[in-house]
Number of protein chains: 2
Amino acid sequence: MSMDAVFRALADPTRRQLLDSLHIRNGQTLNALCAEMDMTRQAVTKHLAILKEANLVTTIRKGREKEHYLNPVPINEIADRWIGKFERGRLNALGDLKKRLERED
Amino acid sequence: MSMDAVFRALADPTRRQLLDSLHIRNGQTLNALCAEMDMTRQAVTKHLAILKEANLVTTIRKGREKEHYLNPVPINEIADRWIGKFERGRLNALGDLKKRLERED
DNA sequence: TTAATATGCAACCATTTGGTTGCATGTCAA
DNA sequence: TTGACATGCAACCAAATGGTTGCATATTAA
């Protein structure tokens, strides 16, 4: 729910890589995800916990394995609620800056 | 240029607040920006340096003051290049998860 | 049943982060 | 010219971060 958790989760390149990996192949087990990462399984587990906290990943226990699923909803919420705000002001902001820079010379 | 710097810059709530503040009123001086923040000027300076590194903020020296301008381009680049990817897979991913969850019961 | 496999958990560690204080420098105004 | 004001810079600090190792537990397969 908290946008802060999502931003924080997306800040780390390893975690974005995990999301990418799940985007390519959804439902991977912890071991499968670890195979692509250059770190210990325990480190990957911690990253996945942070992604789960941000509600970007959901897990399902399957026997002794654990499948991981991508939930893109929080990413879209950020896009809608936060990024959209700056997108609307894009051209105006650039125009203002340009004017200022020209006046500077 | 580096998307990583942008993600990292956006991860901190104080920095997002600074961007919000500049979005409301562009071209604010360091002192003006500090007035809204609950920390020392030096701390704000550090945050602004990180935003500048991510190319999210540009500055212009005006005498003894420094004006800060929002540059929304990197935010839009993230939206286009990275977020868009997950947006497209949104419905499918949710569908997959639902199927899995139903099969689980 | 027993061994291998998949994951969980905790302690520990180095580095980064986000903040502070103190002082230096440059510019404007009286 | 001199004092006030806006910013810059460096040292320092506590806490968070990202990683490790070691061991425990649960499930599957031989």
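The chains referred to below are lettered A, B, ... by the order of the sequence lines, with proteins before strands, and numbering in each begins at 1.
Of all non-hydrogen atoms in A/N26 and A/L70, the two that sit nearest each other are OD1-N, 2.9 Å. Pairing each heavy atom of B/W82 with each of A/I75, the nearest pair is CZ3-CD1, 4.0 Å. Taking all atoms of both residues into account, the shortest heavy-atom contact from B/N55 to B/N71 is O-ND2, 3.0 Å.
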Output one line per pair: protein atom, nucleotide atom from nucleotides 3-5 of chain D, and distance, for all N/O pairs under 3.5 Å.
from	atom 1	to	atom 2	distance (Å)
D/dC5	O2	B/R64	NH1	3.3

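For the atom pair CD1 (B/I83) and CD (B/E77), the distance works out to 12.5 Å, reported to the nearest 0.5 Å. B/I78 contributes atom CD1, which lies 10.0 Å from atom CD1 of A/I78 (distance to the nearest 0.5 angstrom).
Take the nearest nucleotide of DNA chain D for A/G63 and for B/L30: the residue whose nucleotide is more 5' is B/L30.
B/K52 and B/T58 share no donor-acceptor pair across their side chains, judged by distance under 3.5 Å alone.
Put simply, CZ on B/R8 is 11 Å from P on D/dG18, counting in whole angstrom units. Per the geometry, NE2 belonging to A/H47 stands 14 Å off C1' belonging to D/dA16, to the nearest Å. In this structure, A/L48 atom CG and D/dT17 atom P are separated by 17 Å, rounded to whole Å.
Under the side chain to side chain donor-acceptor pair (under 3.5 Å) criterion, A/D20 pairs with B/K85, sequence neighbours left out.
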Could you list the donor-acceptor pairs under 3.5 angstrom formed by side chains in residues 6-15 of chain B, with sequence neighbours left out?
from	atom 1	to	atom 2	distance (Å)
B/D12	OD2	B/T14	N	2.8
B/D12	OD2	B/T14	OG1	3.4
B/D12	OD2	B/R15	N	3.2
B/R15	NE	B/A9	O	2.8
B/R15	NH1	B/H47	ND1	3.1
B/R15	NH2	B/R8	O	3.3

Show the atom names and distances, to 0.1 Å, of all donor-acceptor pairs under 3.5 Å that link a side chain in residues 36-46 of chain A to residues at least two apart or in another chain.
from	atom 1	to	atom 2	distance (Å)
A/E36	OE1	A/S21	OG	3.1
A/E36	OE2	A/S21	OG	3.0
A/T40	OG1	A/A43	N	3.3
A/T45	OG1	A/R41	O	3.0

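Contacts between residues 33-44 of chain A and DNA chain D, counted as heavy-atom distances below 4.0 Å, involve A/M39, A/T40, A/Q42, A/A43.
Here the options are A/E65, A/K62, A/K66, A/H68, the test is side-chain contact (heavy atoms from CB on, under 4.5 Å), and the partner is A/T29; only A/E65 passes.
Mapping heavy-atom proximity under 4.0 Å, the span of DNA chain C touched by chain A runs 5' to 3' from C/dA4 to C/dA11.
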